[in-house]
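Contents: one structure, followed by commentary.
Quick note: residue numbers are just sequence positions, from 1.
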Amino acid sequence: MVLGIGRRRKAAPQGTDDAAAGGSAPIVTATALHKTYVAGNLEVHALRGVDLSIDRGEMVAIMGPSGCGKTTLLNVLSGLDDITSGDVTVEGRSLKKMSDRRRTHMRAERMGFVFQSFNLLPVLSAVENVELPLLVAGVKPSAARQRAREVLALVGLAEEERKRPSEMSGGQQQRAAIARALVNDPAIVWADEPTGSLDSENSARVMDLLCQLNEQHHQTFVLVTHDIVVGRRAHRILRMSDGVISHEEHANTDG
């Protein structure tokens, strides 16, 4: 598969630290990060003082047992969920200081999301699913359709653009979901169990694609996964236990 988006990366938004824009400073940092969920008299401490730093262009895997806080960490780092205490900065800007509207705008402009369940709209074709974020952002339909086709070609689905999700294999659906995540040319892609619904062959193909995108386009990827085979494709594995990062290890990226 030949990969090439054919577009220059968007400049980092105004207010971003110059070093971060140049790639020498972390793209994401978390400091003393806590997240507590309250249901009646019950408090669940999902994150208990997480500190981490993710470099621009890095691929990081977050691993650990069920209930350890992996998905909560992903949601808080990306601004999908609020912070109880501590802070997260993305491209030098504090999420805690942003309004909900500003965080939503940042996600639309600077981030992409990939989920285990694909989250494709069943009544839309592949190209319609991929172009949807651009249309919501106000891009002209003709430009959105052209861009969607470019990214579908990037992930090897140029011939499948008219198919609806039910007409595609699981691997094809996940590649369409990846195309949708990439259509706005994000600086960082968050992926929650991106291979969890796939067999081993399709899982390997999806990870091949993500690794190529990371290497060739210097996009940052943060993956939540339970699969050590997937984790070892990343540059670094963060191991979580009981709401904290217990340790980290540099992964084997040879394969």
Side-chain angles (χ1 to χ4, degrees), residues 3-17 20-21 27-28 56-57 74-82 88-155 157-158 160-165 168 173-192 194 209-210 213-214 216-223:
L3 299 178
I5 292 180
R7 298 175 69 202
R8 295 180 61 185
R9 177 164 308 288
K10 298 189 295 256
Q14 290 184 352
T16 300
D17 182 84
I27 189 171
V28 178
R56 188 177 295 273
L74 194 77
N75 290 342
V76 171
L77 292 176
S78 63
L80 285 173
D81 207 348
D82 292 330
V88 174
T89 61
V90 179
E91 296 191 308
R93 297 184 295 169
S94 166
L95 293 186
K96 192 171 184 179
K97 295 178 181 178
M98 289 185 191
S99 65
D100 288 343
R101 181 177 180 180
R102 185 59 192 158
R103 285 201 303 268
T104 298
H105 180 75
M106 183 183 209
R107 287 193 299 270
E109 287 287 319
R110 305 297 296 164
M111 300 177 182
F113 293 85
V114 181
F115 302 98
Q116 176 180 350
S117 58
F118 314 142
N119 287 358
L120 299 172
L121 295 178
V123 298
L124 299 182
S125 66
V127 71
E128 288 169 338
N129 267 285
V130 173
E131 73 185 0
L132 188 58
L134 298 179
L135 295 175
V136 171
V139 176
K140 292 182 179 180
S142 59
R145 178 58 58 92
Q146 179 180 352
R147 172 63 179 159
R149 284 174 169 159
E150 289 175 359
V151 184
L152 281 170
L154 172 72
V155 302
L157 291 180
E160 318 296 333
E161 69 167 56
R162 295 184 180 275
K163 289 186 177 180
R164 293 184 179 183
M168 295 187 288
Q173 289 183 65
Q174 190 60 297
R175 281 188 281 154
I178 292 168
R180 184 184 55 196
L182 296 173
V183 75
N184 66 337
D185 199 18
I188 182 166
V189 176
W190 310 95
D192 192 358
L209 173 61
L210 296 184
L213 292 166
N214 170 256
Q216 296 183 13
H217 301 290
H218 206 56
Q219 283 169 311
T220 307
F221 285 85
V222 181
L223 319 174

Could I get the full list of salt bridge (Lys or Arg N to Asp or Glu O under 4.0 Å) partners for Asp192, not counting sequence neighbours? none
Give a yes or no answer on whether the side chain of Asn214 reaches the backbone of Gly57 with a donor-acceptor pair at less than 3.5 Å. yes
Closest heavy-atom contact between Leu223 and Pro194? CD2-CG, 4.5 Å
About how many Å separate OG1 of Thr220 and CE of Met111, when rounded to the nearest 0.5 Å? 10.5 Å
Test side chain to side chain contact (heavy atoms under 4.5 Å, CB included) on Glu91 and Arg56; report intermediate values, then the result. CA-CA 9 Å; Glu91 296 191 308; Arg56 188 177 295 273; 3.3 Å; yes
Identify, with sequence neighbours excluded, every residue that meets side-chain hydrogen bond (donor to acceptor under 3.5 Å, both in side chains) alongside Lys163. Glu160
If you look at every heavy atom in Val127 and Leu152, which pair is closest and at what distance? CA-CD1, 3.6 Å
Partners meeting side chain to side chain contact (heavy atoms under 4.5 Å, CB included) with Asp81 (sequence neighbours left out): Lys35, Tyr37, Asn75, Val76
Supply the atom-to-atom distance Arg102 CZ to Arg107 CZ, rounded to the nearest 0.5 angstrom. 11.5 Å
After noting the C-alpha distance and the side-chain angles of Asp100 and Asp82, does the key distance pass the side chain to side chain contact (heavy atoms under 4.5 Å, CB included) rule? CA-CA 9 Å; Asp100 288 343; Asp82 292 330; 4.2 Å; yes
Result for side-chain contact (heavy atoms from CB on, under 4.5 Å) between Leu77 and one of Leu95, Ile188, Val88, Val90 points to Val88
One pair to check against side chain to side chain contact (heavy atoms under 4.5 Å, CB included): Leu213 and Leu154. What are the steps and the verdict? CA-CA 9 Å; Leu213 292 166; Leu154 172 72; 3.8 Å; yes
Pair Thr104-Arg101, side-chain donor/acceptor within less than 3.5 Å: no
Counting distance only, does the side-chain N/O of Arg175 pair as donor-acceptor with the main-chain N or O of Val155 below 3.5 Å? yes
Would you tabulate the side-chain donor-acceptor contacts of residues 112-122 under 3.5 Å, counting partners in other chains and residues two or more places apart, or write 'none'?
| residue | atom | partner | partner atom | Å |
| --- | --- | --- | --- | --- |
| Ser117 | OG | Asn119 | OD1 | 2.8 |

For Arg145, what residues pass the salt bridge (Lys or Arg N to Asp or Glu O under 4.0 Å) criterion, not counting sequence neighbours? Glu131
Which heavy atom of Gly79 sits nearest to which heavy atom of Arg103, and what is that distance? O-NE, 3.7 Å
Report all side-chain donor-acceptor pairs from residues 135-144 shorter than 3.5 Å, counting only partners two or more places apart or in another chain.
none

Tell me the closest heavy-atom pair linking Val151 and Val183, and the distance in Å. CG2-CA, 4.1 Å
Start with the C-alpha distance between Asp185 and Gln219, add both sets of side-chain angles, then the distance that settles side chain to side chain contact (heavy atoms under 4.5 Å, CB included), and finish with yes or no. CA-CA 9 Å; Asp185 199 18; Gln219 283 169 311; 4.0 Å; yes
Short side-chain to backbone donor-acceptor contact, Asn129 and Arg180, under 3.5 Å: no
Strictly distance-based, threshold 3.5 Å: is any side-chain N or O of Ser94 a donor or acceptor partner for the main-chain N or O of Thr89? no
How close do Ala176 and Leu157 get, heavy atom to heavy atom, and via which atoms? N-CD1, 3.4 Å
Closest contact, heavy atoms only, Arg147 versus Leu134: CG-CD1, 3.6 Å
